[in-house]
Q: 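Below you'll find the structure I mean.
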Amino acid sequence: MAVLVTGGAGYIGSHTCLELIAQGYNVVAVDNFCNSQPESITRVKELAGKSFPFYEIDVRDESALDEIFKNHDTDCIIHFAGLKAVGESVKVPLMYYNNNLLSTIALCSAMKKYNVKRLIFSSSATVYNGANEMPLTEKSLTGGCTNPYGWTKFMCEQILRDTAQSEQDWSIILLRYFNPIGAHISGMIGEDPSDTPNNLMPYISQTAIGRLKCLSVYGGDYPTNDGTGVRDYIHVDDLAKGHVSAIKYSTAHTGTEVFNLGSGVGTSVLGLITAFETASGVKIPYEIAGRRPGDIAVCYASAEKAAEILNWRAEKSIAEACADTWRWQSLNPYGFKNKL
Ligand code: NAD
Ligand code: UD1
């Protein structure tokens with residue numbers, strides 16, 4: 001039996017494929033490389049010390065999915081494939097709704113056809129309403145998303161809940177990630193944004209390596225310890241392990257279950273910059289700029305439910321995440337490409 005990983009060449013997918021193999025699972029991965037490089041799969045195979053089937057397909061392509069389900073005995077899916085750039089989703093919302101919703105629907109249809117009923121879905125803390133108190137629990141209010149990307153996650157969650165409701169034997173786990181950072185300790189795989197990064201950590205690391213000149217800190221007047229925004233950063237290796245814990249849980253449970261995957265600890269923008277400077281020995285040039293529209297001051301998880309039920313907790317520190325990011329960035333200044 002195999003775990004089918006969609007979006008397996010991406011940032012979180014590649015780390016999760018590696019973790020699954022390390023824990024003895026058979027992996028089949030698919031990706032259309034719309035936001036990743038084939039080199040990522042090559043490196044995962046190298047790090048794992050073994051090969052695994054990989055298919056370049058679009059998850060919306062039902063006949064391509066048919067072939068995969070026919071050729072591989074699959075008992076569980078992890079669905080990472082999706083578009084994730086918030087700003088882009090505001091400019092081209094239909095592309096986001098088309099890709100993220102239709103890929104989820106096509107996948108569930110194929111699963112139903114081939115009687116595979118266990119799915120782990122990549123959701124996001126972005127589905128929580130901005131008015132919630134911190135920390136966010138799985139019962140906090142959702143909806144009121146500020147951008148189309150967030151709505152696609154909100155809508156996919158609903159599609160998946162309804163699917164699980166329709167037949168008793170579905171097991172669907174919605175994992176709401178907080179802010180994934182870091183890279184595999186080898187420095188061989190990591191986050192490789194195709195455009196100028198929107199997220200803080202890749203912006204910091206590309207500034208450190210000299211690809212970007214200066215980091216804008218979005219807002220210095222928030223009601224936080226140092227005035228900058230606070231988020232819950234989680235090492236991508238911990239996140240990968242969280243997926244394996246979710247798979248284990250899903251073997252013995254049906255219905256839909258939601259888990260936050262976060263550390264439960266908030267770190268400010270200046271806090272992350274300082275940690276990165278300490279880990280890398282490189283000074284990060286930054287300036288305090290205006291607030292970014294749609295941002296909230298503070299966002300962090302309650303990680304209790306995942307600890308109690310999945311027996312999973314984030315273990316790696318911010319310092320380790322910064323050291324690992326810097327190793328990845330300095331060994332691969334242009335990511336998986338040799339140059340821009
Ligand atoms: P990523 O862009 O690195 O990985 C997504 C992968 O999916 C890419 O390799 C892309 O080529 C592939 N893909 C997209 N659409 C596809 C399609 N239709 N068919 C086949 N492949 C397709 O992103 P990531 O950071 O690894 O995120 C993985 C998932 O987690 C996404 O669904 C994302 O929305 C979600 N998520 C990410 C974060 C984050 O901060 N990284 C936070 C919360 C949720
Ligand atoms: C962003 C997305 C969110 C997504 C999450 C994880 C937005 C509005 N939200 O959230 O949907 O789920 O990433 O992928 O984009 N910052 C700077 N300078 C920068 C970049 C960021 O100061 O160049 C600050 C932000 O204002 C924020 C913090 O750093 O306070 C983290 O930002 P980011 O990495 O974009 O994550 P989120 O805002 O949590």
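Numbering of ligands and ligand atoms starts at 1, following listing order. What you see below is based on every heavy atom in this structure, not just the backbone, and it leaves out hydrogens, waters and symmetry mates.
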Q: Output yes when the distance from some N or O of ligand 1 to some N or O of Asp31 is under 3.5 Å, and no in every other case.
A: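 Yes, there is a polar N/O contact under 3.5 Å.
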
Q: When you look for heavy atoms under 4.0 Å from ligand 1, do you find them on the side chain of Tyr149, its backbone, both, or neither?
A: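 Looking at Tyr149 and ligand 1, just side chain atoms fall under 4.0 Å.
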
Q: Within a distance under 4.0 Å of any heavy atom of Ile57, pick out the atoms of ligand 1 and give their elements.
A: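 Reading through ligand 1 atom by atom, the close ones are 19 (N), 20 (C).
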
Q: Numbering the atoms of ligand 1 from 1, which are under 4.0 Å from a heavy atom of Gly10?
A: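 The list of qualifying atoms is 3 (O), 4 (O), 9 (O), 26 (O).
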
Q: Using a heavy-atom cut-off of under 4.0 Å, does the side chain or the backbone of Ser123 touch ligand 1, or both, or neither?
A: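 Looking at Ser123 and ligand 1, just backbone atoms fall under 4.0 Å.
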
Q: As an exercise, identify every atom of ligand 1 less than 4.0 angstrom from a heavy atom of Cys34.
A: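 Once the distances to Cys34 are compared, the set is 10 (C), 11 (O), 13 (N), 14 (C), 15 (N).
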
Q: Sort and list the pairs that fulfil ring-ring contact (aromatic ring centres under 6.0 Å, His included) and have at least one residue in residues 187-227, not counting sequence neighbours.
A: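 Residue pairs passing ring-ring contact (aromatic ring centres under 6.0 Å, His included), neighbours aside: none found.
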
Q: Can you give each donor-acceptor pair under 3.5 Å made by side-chain atoms of residues 3-18, sequence neighbours left out, with the distance rounded to 0.1 Å?
A:
from  : atom 1 : to     : atom 2 : distance (Å)
Thr6  : OG1    : His79  : ND1    : 2.7
Thr6  : OG1    : Phe80  : N      : 3.1
Thr6  : OG1    : Ala81  : N      : 3.1
Tyr11 : OH     : Ile181 : O      : 3.2
Tyr11 : OH     : Gly182 : N      : 3.4
Tyr11 : OH     : Gly182 : O      : 2.8
Ser14 : OG     : Gly10  : O      : 2.7
Ser14 : OG     : Tyr11  : O      : 3.0
His15 : ND1    : Tyr11  : O      : 2.8
His15 : NE2    : His184 : N      : 3.0
Thr16 : OG1    : Ile12  : O      : 2.8

Q: Provide the number and element of each atom of ligand 1 under 4.0 Å from a heavy atom of Gly7.
A: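 The list of qualifying atoms is 6 (C), 7 (O).
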
Q: What protein heavy atom lies closest to atom 32 (O) of ligand 2? Include the residue and the distance to one decimal.
A: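 Checking every protein heavy atom, the shortest distance to atom 32 (O) of ligand 2 gives Arg292 NH2, 3.4 Å.
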
Q: Identify the closest protein heavy atom to atom 2 (C) of ligand 2: which residue and atom is it, and at what distance?
A: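 Sorting protein heavy atoms by distance from atom 2 (C) of ligand 2 puts Val86 CG2, 3.5 Å first.
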
Q: For ligand 1, is any non-hydrogen atom under 4.0 Å from Lys153's backbone (N, CA, C, O), its side chain (CB onward), both, or neither?
A: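 Within the 4.0 Å criterion, Lys153 contacts ligand 1 through side-chain atoms alone.
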
Q: Give yes or no for whether the N/O distance cutoff of 3.5 Å, strictly under, is met between Leu200 and ligand 2.
A: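 Yes; at least one N/O pair falls below 3.5 Å.
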
